[in-house]
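Structure, as structure tokens:
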Amino acid sequence: MIFLDYNFRRYNFRILLYMLMLSGIGLLAIGSATNQDTSMINKQIMGIGIGLALAVGLSLIDYSRLLSMSFIIYGVCLGLLAAVLFMGIRRNNATRWLVLPVIGQIQPAEFVKIGLILFFSWYFNKYQEKINKVSVLGIAALLFAVPAFMILEQPNLSTTLVTTVIIASIVFCSGVSYKWILGVLAVVVPSTVLFIYLLQYDMIHFLRGYQATRILAWINPQKYAEAYWQQENSIMAIGSGQLWGKGLNNTEIASVKNGNFLSEEQTDFIFAIIGEEMGFVGSMVVLALFLLLIYECLLMAFRAKDLAGRLICVGMGTLLAFQSFANIAVATAIFPNTGLPLPFVSYGVSSLLSIYLGMGVVLNVGLQRKNNN
């Protein structure tokens with residue numbers, strides 16, 4: 001299908017508007033968090049420009065063409081993750097970055113999330129008539145386990161968790177029997193309780209030391225006060241913003257930003273900057289924009305012409321919903337401290353480009369919706 005065949009009255013310009021608004025708020029917050037570091041701001045502006053161009057370009061390419069290359073996409077994902085493990089850049093006890101010729105430094109796991117959404121949307125669309133067969137689900141589990149293990153080995157537990165939730169949502173919406181769903185829940189829920197119990201007695205050995213400490217600090221903040229202090233300061237910052245905030249680029253000594261009470265405030269704790277400087281009103285605007293984006297993804301999933309398109313929209317909607325919730329939950333101590341960016345808002349070109357790419361495919365699904373919708 002060439003783009004001239006599309007009915008552009010169906011083009012969802014609202015999604016472009018919401019993405020640009022979130023990116024604009026992110027630019028303001030990043031500028032304030034970094035004391036107007038021009039190199040970071042310029043990189044983020046470049047990422048927004050390239051991301052928007054890629055999203056618009058992808059929105060005009062028939063997503064079925066992308067899905068026809070699903071195994072190539074899957075292979076590229078594995079290749080990038082393998083390259084990270086063998087020749088990646090190590091920083092803060094983690095190897096998550098790769099330097100590519102011309103392109104420069106990227107974080108492949110961010111792009112792998114989008115690649116896996118496309119691959120598993122194709123897979124469950126192809127085998128939708130056999131979805132409840134043990135062989136189909138078993139192969140899907142194996143195909144997911146390989147990249148998940150490679151991401152976990154970086155180590156990147158938070159991205160592994162996000163990717164797992166995304167693929168679980170795709171499986172749930174693919175038409176799998178509730179017997180499978182209930183069976184998985186019957187294993188996962190008690191296993192999670194047992195995991196937390198054993199962790200307190202240092203009996204979970206596959207976690208890195210800092211990962212275990214962060215979870216334990218969330219469970220018992222008083223005992224692990226040193227590991228909990230960032231989240232405590234983040235809560236103080238958000239609360240101090242009150243209704244309208246202290247204003248962008250404020251220089252108050254009591255500011256969490258100026259007092260260096262947070263680390264990576266331009267990425268992991270960007271919501272603390274928004275809460276402190278834009279207040280309750282600014283925070284609610286950010287939440288409302290995410291809700292609108294997620295609603296548009298689910299609406300286009302409902303209107304999609306086939307199961308593959310529906311699963312793509314569900315996967316992207318889940319990515320936005322869970323990752324934005326997780327980032328804000330860390331900033332408000334609802335979740336243990338994890339290193340997840342706030343989509344469109346946090347500093348980071350890899351995260352920014354990958355989200356724009358995924359939303360570009362969603363826009364194409366919307367262009368090809370069912371005629372009666």
Side-chain angles (χ1 to χ4, degrees), residues 18-34 37 40-41 43-48 50-52 54-55 84 89 91-92 94-98 104-117 151 154-166 214 230-231 234 237-238 257 262-275 283 286-287 289-290 293-294 315-332 334-359:
Y18 301 149
M19 292 193 298
L20 286 174
M21 289 177 70
L22 282 169
S23 297
I25 293 171
L27 270 178
L28 294 175
I30 290 165
S32 183
T34 61
D37 185 316
M40 285 190 174
I41 294 171
K43 283 182 182 179
Q44 194 75 357
I45 291 173
M46 179 190 69
I48 294 169
I50 295 174
L52 182 62
L54 290 173
V84 170
I89 297 174
R91 185 190 305 161
N92 296 330
T95 307
R96 302 176 183 175
W97 298 269
L98 194 65
Q105 183 173 298
I106 66 167
Q107 190 171 352
E110 295 295 327
F111 297 96
V112 168
K113 288 186 286 191
I114 309 301
L116 292 181
I117 288 173
I151 296 171
Q154 293 180 359
N156 197 338
L157 179 62
S158 55
T159 300
T160 306
L161 178 61
V162 171
T163 308
T164 302
V165 172
I166 292 169
R214 286 178 175 181
Q230 282 199 83
Q231 287 181 283
S234 176
I238 294 169
K257 175 191 69 178
L262 290 174
S263 62
E264 305 298 334
E265 57 264 39
Q266 74 275 11
T267 54
D268 302 347
F269 285 94
I270 195 73
F271 194 75
I273 301 298
I274 292 170
S283 300
V286 170
L287 289 175
L289 287 170
F290 276 119
L293 263 181
I294 295 162
M316 285 305 302
T318 303
L319 191 161
L320 288 171
F322 185 74
Q323 189 161 316
S324 59
F325 169 75
N327 177 279
I328 295 169
V330 167
T332 53
I334 296 173
F335 266 16
N337 192 355
T338 59
L340 282 172
L342 187 59
F344 298 110
V345 180
S346 291
Y347 173 75
V349 176
S350 292
S351 172
L352 196 61
L353 291 180
S354 65
I355 295 288
Y356 270 106
L357 283 170
M359 293 308 294

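FYI, side chains are in, hydrogens and waters are out, and symmetry mates aren't considered; it's all heavy atoms of this structure.
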Minimum heavy-atom separation for [X] to [Y], with atom names?
| X | Y | result |
| --- | --- | --- |
| Leu353 | Gly47 | CD2-O, 3.5 Å |
| Arg96 | Gln107 | O-CG, 3.4 Å |
| Ala33 | Ile273 | CB-CG1, 4.0 Å |
| Ser234 | Ala331 | OG-O, 2.6 Å |
| Phe271 | Ser283 | CZ-CB, 3.7 Å |
| Thr159 | Ala109 | CG2-CB, 4.0 Å |

Non-neighbouring partners of [X] that pass ring pair (Phe, Tyr, Trp, His ring centres under 6.0 Å), sequence neighbours left out:
| X | value |
| --- | --- |
| Phe335 | Phe325 |
| Tyr356 | Phe344 |
| Tyr18 | none |

Quick one: pull up [atom1] in [X] and [atom2] in [Y] and give me the separation to the nearest 0.5 Å.
| X | Y | atom1 | atom2 | value |
| --- | --- | --- | --- | --- |
| Ile274 | Leu342 | CD1 | CG | 6.0 Å |
| Ile45 | Ile50 | CD1 | CD1 | 12.0 Å |
| Ile355 | Leu320 | CD1 | CG | 5.5 Å |
| Leu289 | Leu20 | CG | CG | 11.0 Å |
| Asp37 | Gln266 | CG | CD | 8.5 Å |
| Leu352 | Leu54 | CG | CG | 10.5 Å |

With [X] via side chain to side chain donor-acceptor pair (under 3.5 Å) - residues at least two apart:
| X | value |
| --- | --- |
| Gln231 | none |
| Thr95 | Arg90 |
| Ser351 | none |
| Thr318 | Ser169 |

| query | Are the side chains of Asn327 and Val345 in touch, meaning some heavy atoms are under 4.5 Å apart? | reply |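 No, side chains not in contact.
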| Are Ile117 and Leu319 close enough that some pair of their side-chain heavy atoms sits under 4.5 Å apart? |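 The answer is yes; the side chains approach within 4.5 Å.
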| message | As a quick check of understanding, evaluate side-chain contact (heavy atoms from CB on, under 4.5 Å) for Asp268 and Gln230, giving each step before the final call. | response | CA-CA 11 Å; Asp268 302 347; Gln230 282 199 83; over 6 Å; no
| task | Show your working on side-chain contact (heavy atoms from CB on, under 4.5 Å) between Leu157 and Arg214 and close with a plain yes or no. | result | CA-CA 12 Å; Leu157 179 62; Arg214 286 178 175 181; over 6 Å; no
Who pairs with [X] by side chain to side chain contact (heavy atoms under 4.5 Å, CB included), at least two apart in sequence or on another chain?
| X | value |
| --- | --- |
| Val162 | Lys113, Ile166, Phe322, Gln323, Leu340 |
| Pro336 | Ile215, Trp218 |
| Ile30 | Thr34, Gln44, Ile270, Tyr347 |
| Ile106 | Leu98, Leu100, Ile103, Pro108, Phe111, Ser350 |

